[in-house]
Participant: 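Here's a structure for you.
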Amino acid sequence: MAISSLARLATSNITSPPPFTTALIISRYFTKRIIFTTATQKKNPPRIFKTMSSSQNSKVIAPYGSWKSPITADVVSGSSKRLGGTAVDPQGHLFWLESRPSESGRVVLVKEAGDEPIDITPPEFAVRTLAQEYGGGALRISGDTVIFSNYKDQRLYKQSTSSKGSCPVPITPDYGGPVISYADGVFDSRFNRYITVMEDRRVSSTNSTTTIVAVPLDGTIQDPNVLVSGNDFYAFPRLDSKGERMAWIEWSHPNMPWDKSELWVGYISENGDIHKRVCVAGCDPKIVESPTEPKWSPTGELFFITDRKNGFWNLYKWVESKNEVLPLYPLNAEFARPLWVFGMNSYEFIKNEAGKTLIACTYRQNGKSYLGILDDVQGSFSLLDIPFTDIDNIASWNDYLYVEGASAVHPSSVAKVTLNGRKVIDFKICWSSSSDCLKYESYFSQPELIEFPTVVPGQNAYAYYYPPTNPLYQASQEEKPPLLLKSHGGPTAETRGILNLSIQYWTSRGWAFVDVNYGGSTGYGREFRERLLDRWGIVDVDDCCSCAKFLLENGKADKERLCITGGSAGGYTTLAALAFRDTFKAGASLYGVADLNLLKAETHKFESHYLDKLVGDDKAFFDRSPINFVDKFSCPIILFQGLEDKVVPPDQARKIYKALKEKGLPVALVEYEGEQHGFRKAENIKFTIEQQMVFFARLIGRFNVADPITPIKVDNFD
């Protein structure tokens with residue numbers, strides 16, 4: 001139930017603060033400084049950001065939550081864009097996928113072309129695959145040709161990237177609807193074909209068949225030829241440079257790919273079939289591991305990432321002659337992310353000035369991402385100094401790296417990193433989800449990575465805390481701010497401390513905000529990740545409550561105004577916390593889970609056995625479903641749901657809404673037509689964040705929202 005925030009960054013005009021009849025104006029004759037510290041403070045000194053700099057500046061004293069902010073809901077949603085991946089063609093041209101809320105979430109392939117990027121995707125097309133519902137890996141570029149999945153019909157199309165206005169041509173059959181999806185493909189020049197993962201939902205939409213297939217590129221349209229089949233799931237089909245060997249990842253129920261997966265290599269015969277196969281990793285019953293991201297080097301060696309031995313995803317190399325694997329640079333850090341989406345690319349092969357092949361890669365440790373160059377022969381690693389503290393995918397061309405990343409002061413961006421050997425000589429932002437967001441910089445709340453004790457002695461969890469921040473306002477010294485705690489989706493995922501205007505929307509209005517990485521989150525190794533096994537609805541809930549308690553004890557929040565929110569799996573944690581604990585006073589669940597048994601029965605194939613490991617036996621499914629314990633709820637709740645959601649179907653929200661309404665609690669339900677798992681349309685993103693704000697303000701806030709928001713009706717309250 002992973003879901004990334006689709007609302008990132010946008011722009012608006014700065015407005016004046018609202019008048020307050022009893023407001024007290026005070027002058028500030030000093031500079032206020034906010035220091036953002038990280039776990040690697042010795043290497044990276046604290047950065048200081050000025051928010052006040054003149055004796056002429058003054059602040060209005062007004063209640064927390066009532067502050068006026070230029071970071072409006074329109075700013076958060078209206079012009080925001082979401083990055084869907086990057087690619088570089090042989091000429092060094094950068095391409096990227098961007099999702100546009102202003103176009104109802106349409107995903108477009110864009111080509112860098114000086115100051116004016118060019119849309120490659122025609123208006124009647126959208127680049128998005130529905131494979132495994134979460135998609136990813138929707139395109140591949142080779143030369144001046146792109147092959148992509150079209151959202152509406154899910155067919156593969158071929159298009160030129162060099163001629164403006166070229167028309168995409170289908171290369172897969174029309175099955176009468178979007179019943180077959182493709183993802184994670186690669187070109188096979190040896191046989192003039194496209195090898196890709198195919199998900200076939202013609203027989204069953206909830207029990208699809210997944211295979212690795214070959215699609216001809218000679219202009220004929222025919223059913224793809226199956227190359228690999230028989231297991232439940234496949235990913236990362238990757239060919240060597242000669243087209244003689246193919247590596248891939250596969251796994252089977254009840255495992256998720258981060259639980260246990262297998263890496264295979266198949267040898268391709270003269271007729272294009274796989275005539276022999278070897279298991280490289282994941283088949284030894286004595287070793288628990290989840291290999292991912294296989295890739296062939298220019299010299300024909302196979303590299304991949306797995307978490308054997310130390311429990312962290314590290315880089316390995318396959319010695320084909322002995323069928324053994326060797327670690328390249330053991331480190332208690334994550335060189336990969338969980339396989340929720342296809343097409344991840346955490347490392348690239350590059351050549352140094354002497355023509356030697358090196359590996360540019362990224363890893364995550366203690367809540368921060370690092371970029372570096374690995375020499376697998378010498379076993380050395382050289383860190384590259386760039387401003388990003390969060391890094392996703394990387395691509396390369398000649399002496400350049402194109403890095404998808406962000407930081408506390410950088411929104412989701414793509415940067416061109418110019419190298420001279422193993423040093424960075426230039427860093428330039430090529431694409432930004434919000435190129436002009438820095439005009440709001442004085443309103444930005446800087447995240448502080450906190451480590452807090454859990455209910456298990458000796459075990460800690462992590463979170464990013466954002467204090468209320470506004471250069472024009474402050475509250476009285478006697479008042480503590482309301483706190484909104486966010487529980488991330490997944491639950492096998494990680495929240496990051498990056499610039500996200502959907503968070504700044506709250507903090508700039510006088511809310512404290514905390515984003516929790518509870519036990520079970522990724523980024524901290526397998527042991528931390530497996531804290532949630534058989535204990536979903538317990539560990540995550542306890543850790544969220546412990547985090548709120550930790551902040552209360554440190555004077556960071558008002559006990560009577562603790563709120564919780566989350567989407568998908570985070571929505572489940574929200575509902576479970578409100579049902580089984582008394583820490584929070586109100587909550588907002590976005591496409592959250594109320595009935596675990598119903599979710600297991602209705603969800604899609606990819607996650608159909610996910611809960612078996614997260615929850616446990618039948619009794620646990622019943623005991624941890626909030627819908628079965630409506631009598632334990634005691635505070636207001638607002639629910640948001642997309643009506644086309646196949647991951648968490650609408651019945652989940654409707655059942656808990658009806659039950660809470662009948663119990664007499666203040667409750668509201670907002671349903672969106674045309675939305676799936678996560679909201680992509682600007683108007684819905686805007687409405688969701690505004691209604692959460694005004695709901696909390698009216699029900700438990702004790703303040704008036706400065707924005708002109710018309711609240712929806714709340715049952716048992718209005």
Participant: With Asn345, which residues qualify under side-chain contact (heavy atoms from CB on, under 4.5 Å), at least two apart?
Facilitator: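 Asn345: side-chain contact (heavy atoms from CB on, under 4.5 Å) contacts with Lys295, Glu348, Asn393.
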Participant: Which pairs, with at least one residue in residues 556-573 and sequence neighbours excluded, count as a salt bridge (Lys or Arg N to Asp or Glu O under 4.0 Å)?
Facilitator: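 Listed by first then second residue: Glu479-Arg561, Asp558-Arg561, Asp558-Arg702.
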Participant: Between side-chain atoms of residues 694-701 and protein atoms elsewhere (two or more places apart, or another chain), which donor-acceptor pairs fall under 3.5 Å?
Facilitator:
residue : atom : partner : partner atom : Å
Arg698  : NH1  : Asp718  : OD2          : 3.3
Arg698  : NH2  : Asp718  : OD1          : 2.3
Arg698  : NH2  : Asp718  : OD2          : 3.4

Participant: Could you list the residues that satisfy salt bridge (Lys or Arg N to Asp or Glu O under 4.0 Å) with Glu98, not counting sequence neighbours?
Facilitator: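 Glu98 satisfies salt bridge (Lys or Arg N to Asp or Glu O under 4.0 Å) with Arg100 only.
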Participant: Tell me every residue that passes ring-ring contact (aromatic ring centres under 6.0 Å, His included) with Phe452, counting only those two or more places apart in sequence or in another chain.
Facilitator: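 Phe452: no ring-ring contact (aromatic ring centres under 6.0 Å, His included) contacts found.
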Participant: I need the full list of salt bridge (Lys or Arg N to Asp or Glu O under 4.0 Å) pairs touching residues 507-519, with sequence neighbours left out, sorted by first then second residue.
Facilitator: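 Every pair satisfying salt bridge (Lys or Arg N to Asp or Glu O under 4.0 Å) with a residue in residues 507-519: Arg509-Asp707.
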Participant: Apply salt bridge (Lys or Arg N to Asp or Glu O under 4.0 Å) to Glu690 and list each qualifying residue two or more places apart in sequence or on a separate chain.
Facilitator: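 Applying salt bridge (Lys or Arg N to Asp or Glu O under 4.0 Å) to Glu690 gives none.
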Participant: Going by the rule ring-ring contact (aromatic ring centres under 6.0 Å, His included), which residues pair with Phe640 if we only count those two or more places apart in sequence or in a different chain?
Facilitator: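 Per chain and number, Phe640 pairs via ring-ring contact (aromatic ring centres under 6.0 Å, His included) with no residue.
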Participant: Restricting to ring-ring contact (aromatic ring centres under 6.0 Å, His included), what partner residues turn up for Phe687, sequence neighbours left out?
Facilitator: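 ring-ring contact (aromatic ring centres under 6.0 Å, His included) check on Phe687 returns nothing, list empty.
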Participant: Name each donor-acceptor pair under 3.5 Å that joins a side chain in residues 547-554 to protein atoms two or more places apart or in another chain, with its distance.
Facilitator:
residue : atom : partner : partner atom : Å
Asn554  : ND2  : Phe550  : O            : 2.7

Participant: Considering residues at least two apart in sequence or located in another chain, which fulfil the salt bridge (Lys or Arg N to Asp or Glu O under 4.0 Å) criterion with Lys416?
Facilitator: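 Partners of Lys416 by the salt bridge (Lys or Arg N to Asp or Glu O under 4.0 Å) criterion come out as none, since no residue qualifies.
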Participant: Using the test ring-ring contact (aromatic ring centres under 6.0 Å, His included), find all partners of Tyr466 that sit at least two apart in sequence or belong to another chain.
Facilitator: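 With neighbours one apart ignored, the set is empty.
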